[in-house]
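Structure, as structure tokens:
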2 protein chains.
Amino acid sequence: MTASLDTVFAALGDPTRRAILSMLLEDDMAVTDVAEPFEMSLAAISKHLFILVNAGLITQEKRGRVKWCKLEPDALKQASVWMQGFGQFEPVNLDDFERFLAAELGEDANDT
Amino acid sequence: MTASLDTVFAALGDPTRRAILSMLLEDDMAVTDVAEPFEMSLAAISKHLFILVNAGLITQEKRGRVKWCKLEPDALKQASVWMQGFGQFEPVNLDDFERFLAAELGEDANDT
DNA sequence: CCCATCTTCAACCTTTTGGTTGAGTATGAA
DNA sequence: TTCATACTCAACCAAAAGGTTGAAGATGGG
């Protein structure tokens, strides 16, 4: 909603929230399912999700008892444009991304 | 140095720090000159600069009494790659950037 | 209706963040 | 030497962030 650079970058500054975004990249998820891999309470995840909603990075839709979380990648666009003003980074390198994503999930979202 | 996604995104989450980066885009600057436009103490700016150094977003070099601050745009690359994994944003749109930059400077770095 | 499930709310706690002030260090200039 | 400039350090403070727990609100199922 607000989606200022402040709220977007601040939201991205937390590894739990980045992991959540990565998970939602694969599919929409219910709140409980989002929380499952993490070693923290459901309430804590609920707060993280609220922060992501506030940054415009996800939306939530309640169907029945279940609240579905959906990634909204367009919210990253403004931030991406801001960053690219600092350097001509090669546009989209998905190989690099896959590696970073794997590292992120490996470090932050493991439930071992 | 550390330059994890955590530290980079967290550093970018503060409008003062983003404004500093925008200023350094034009030229290297001494700490005192960086602080000048802001309505906060030099010590506060010094701390912000330390956070930016820690995130790898700037480097500092002391020559004589003066400590020069230099932008290190490459530190944004990893974060940029991460973000681009969430959407195929048009690579570099400097027009958009100029507008956001102007808005940022107008809102955050005014000393009226 | 009764119960289980999904999610949030409220109160609380600890740590971090972002700021202040005053003193201290290092350097250059006269 | 003496003084001003450039910057950081240390102590402190208020507010925000990130977590907990227990209770409560919706909703669907039997």
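Labels below follow one simple rule: chain letters A, B, ... track the order of the sequence lines, proteins then strands, and each chain is numbered from 1.
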Terminal contacting nucleotides, 5' and 3', DNA chain C versus chain B (heavy atom, 4.0 Å): C:dG18 to C:dG28

Spacing between A:Phe38 atom CZ and D:dG18 atom C1', to the nearest angstrom: 14 Å

Sugar-phosphate, base or nothing in reach of A:Arg17, heavy atoms under 4.0 Å: sugar-phosphate

Residues which pass side-chain contact (heavy atoms from CB on, under 4.5 Å) with A:Ala43, listed by chain and number, not counting sequence neighbours: A:Ser41

side-chain contact (heavy atoms from CB on, under 4.5 Å) involving A:Ala10 - partner list, sequence neighbours excluded: none

Contacts of A:Lys70 that satisfy side-chain contact (heavy atoms from CB on, under 4.5 Å) - sequence neighbours left out: A:Asp28, A:Thr59, A:Glu72

Could you list, one pair per line, each protein nitrogen or oxygen that sits under 3.5 Å from a nitrogen or oxygen of nucleotides 20-26 of chain D, together with the distance?
| unit_1 | atom_1 | unit_2 | atom_2 | d |
| --- | --- | --- | --- | --- |
| D:dT20 | OP2 | A:Ser41 | N | 2.8 |
| D:dT20 | OP2 | A:Ser41 | OG | 2.8 |
| D:dT20 | O4 | A:Lys47 | NZ | 3.4 |

Check: B:Ala11 main-chain N/O paired with B:Arg17 side-chain donor or acceptor under 3.5 Å: yes

Nonpolar side-chain network containing B:Ile51, other nodes, edges under 4.5 Å: none

Linked hydrophobic residues, B:Phe50 as query - side chain contacts closer than 4.5 Å: none

side-chain contact (heavy atoms from CB on, under 4.5 Å) partners of B:Asp33, counting only residues at least two apart: B:Met29, B:Ala30

Members sharing B:Trp68's hydrophobic cluster (side chains within less than 4.5 Å): B:Val66

